[in-house]
Structure formats: structure tokens, C-alpha cells
Amino acid sequence: MIRKAVIPAAGLGTRFLPATKSMPKEMLPIIDIPTIQYVVQEAVDSGIEDILIISGKGKRAIEDHFDRNFELEARLEEKEDQAWYNEMRRLADMANVHFVRQKEANGLGDAIYYARHHVGNEPFAVLLGDTIMDSVIPVTQQLVDTYEQYGGSVIAVEQVPADKVNRYGIVGGTSMSDTIKELTTLVEKPAVESAPSNLAIAGRYILTPEIFQAIEQTPKGKNNEIQLTDSLLLLLKRENIYSHLIEGKRHDIGNKLDFLKTTVEFALKRKEFAAPFRKFLEELLATQEV
Ligand code: G1P
């Protein structure tokens, strides 16, 4: 059983400046919901209520978001706005959210290492805090199901075009089924010529606690950071690791174009905006000279 999730949210957000100079990228909202709330909701929908967020400098807004806000609650009660009052209470109670701060931005592997005391000796889920998954079955639930069937760490992957493999961790392995591979290699942001496949690590993992020892032994890699992908390659010498081809769509909110696309896509799915927003887009596109 997977009871704990770790959400790394300590990155500096350099791909989304200037917005992220003083605001965490994980708080960028898609319409009105901050990215990290979608991520916490995915964990909760996958049956995980113990959540550790790895935060860092300038990330206090994330803590406030999952805390009570008595002044706001009192004002909503005064206004008899029961729906928003209930939603604010639900938000503060939706999970047991804990925090630990990464002291220096030393990479994803280093960020995960901060979770070792909280996680202890059990397998746990990792959900990147700047990535939203849109799927029927929560992607973390999909990984939990594969973990229960195969054991060993499980990594969510998706296919990416050849010209994008150098932006991701890429895996290679032997097929166990249409969606699952037993891995033989992993490499962080390879050149396309040396990439083992076009299967990219997609920001969701189930990790066994042995990962912590592997991280301790991992030298600095790409960008002079401790890369989780390198630690997984070390772990592969001791344990089986599986990739799971996800059913769903990944939205990388730290990327400006993806952020825009996600906003439009989600707005077109929201009951109250779908019709007027579609009309607006159609009219805009008809009058725009491109
Ligand atoms: C991280 C991981 C990479 C993975 C990617 C997915 O990279 O290191 O393996 O493919 O997330 O979003 P980053 O995007 O932080 O550079």
C-alpha cells in the first residue's frame, strides 16, 4: 500500500520569469486553482492523504494555501457564502500536508533526499509540483496499480517526439505488456542520437525507500545537480524498476506555452466558461490576422 506522497516544489522557476521572481511557480493558477492544488488532489484521489511538500525560499504561499485562514472564513460566514466557506474548509482539510525546506536548489534527487525522515522505510509516490495530469484514472493511481502488480519502483512515461528527447529523462527496457517495461537503462536529457527510446519520464513516480541510499551515492550530473534519474540508474543495479505508459495528458505548467494551452483547454471544459469562452475564441480567431 502507498500511504505517502512527496511533492517537490523547491525549484527556482527560471523558465517562468518574471512571474516567478517572488511567487512560487506551483501557485500559478489554471483559471482559479493553483497548480499544486491539482497535484495534491491527484494524490488524494489516488488514496494518499499524507503529503510532504519539499519547499524552499519564497514558497510560503504554498503553506498558506493548505492552511486555515480564519479572517477569510469569518468574512465568508458573514456574507453567508456557504459554498466558498465550505470549499475553504475542505481545502485546509483535504490532506495531511507537511513541509520541509530544501536549503539549496541542488536538483530533483537532492530535493527527494529531504523526504527520507518523513518517508521512513516504505514505498512512496512522487508527484512533481509543476505538472498537472488530466486523466480519467488519476495517474498516481495507475502507478500504484502497477506497483501492486510488479513491486519495485514504477516510473510514469509518455512518448515524446524525437526533437524533444533532450528535454527529459529517457528510459529503455523490455516490454512486459503494452504499457509496462522492465527497465534496463535511464538517462537524463540525452542527445537524440544516444537516447535509448522516445519514452520520457513524465513527473510521477512510485519509489522504494532504497532510493535514498542511491541518492547518497549519486554524483552531480546534468546542470551540475543531483539528478533523480541518475539515482534510479544506480538503484537499477539492485532492484527491478518498471516504466508505466500513462493514460492521460501531462501539462507542464513551468513552461509558458504549455501553461497557456492548459488554461485554454481547462477553460473550455469548465461548465460556466465553456460556451462563452468558445464563442470568444472563435470570434477572436476569425478577426485576427495571422
Ligand atoms: C525533471 C526530470 C526529468 C523528467 C522531467 C519531467 O526534469 O529530471 O527526468 O523527464 O522532470 O517533467 P526538469 O523538467 O525538472 O528539468
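For clarity, every value in this text was computed on a predicted model and none was experimentally measured. Starting from 1, each residue takes its place in the sequence as its number. Each ligand, and each atom within it, is numbered from 1 in the order the structure gives.
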>> My understanding is that only one of Ile132, Leu127, Asp134, Ile48 makes a side-chain contact (heavy atoms from CB on, under 4.5 Å) with Glu42; could you say which?
In response: Leu127
Going by distance only, is there an N or O of [X] that falls short of 3.5 Å from an N or O of ligand 1?
X	result
Thr131	no
Ala202	no
Lys189	yes

> Is the shortest distance from a heavy atom of Leu128 to ligand 1 less than 4.0 Å?
Replying inline: yes
> Within less than 4.0 angstrom of ligand 1, does Thr229 place any heavy atom?
Replying inline: yes
Looking only at protein heavy atoms, which one is nearest to [atom], and how far off is it?
atom	answer
atom 2 (C) of ligand 1	Glu188 OE2, 3.6 Å
atom 10 (O) of ligand 1	Ile201 O, 2.7 Å
atom 12 (O) of ligand 1	Arg250 NH1, 3.7 Å

> Is any NZ, NE, NH1 or NH2 atom of the basic residue among Glu87 and Arg90 found under 4.0 Å from an Asp or Glu carboxylate oxygen of the other?
Replying inline: yes
> Salt bridge between Arg15 and Asp258, side-chain N to carboxylate O under 4.0 Å?
Replying inline: no
Would you list the atom pairs, donor with acceptor, under 3.5 Å between side chains in residues 52-59 and any protein atom, with sequence neighbours excluded?
{"unit_1": "Lys59", "atom_1": "NZ", "unit_2": "Ala9", "atom_2": "O", "d": "3.2"}
{"unit_1": "Lys59", "atom_1": "NZ", "unit_2": "Gly11", "atom_2": "O", "d": "2.8"}
{"unit_1": "Lys59", "atom_1": "NZ", "unit_2": "Glu26", "atom_2": "OE1", "d": "2.8"}

> Do the side chains of Val192 and Asn166 get nearer than 4.5 Å, heavy atoms only?
Replying inline: no
> Okay, side chain of Ser194, backbone of Pro190: is any donor-acceptor separation there less than 3.5 Å?
Replying inline: no
>> Would you say atom 14 (O) of ligand 1 makes contact with the protein, given that contact here means a non-hydrogen protein atom less than 4.0 Å away?
In response: no
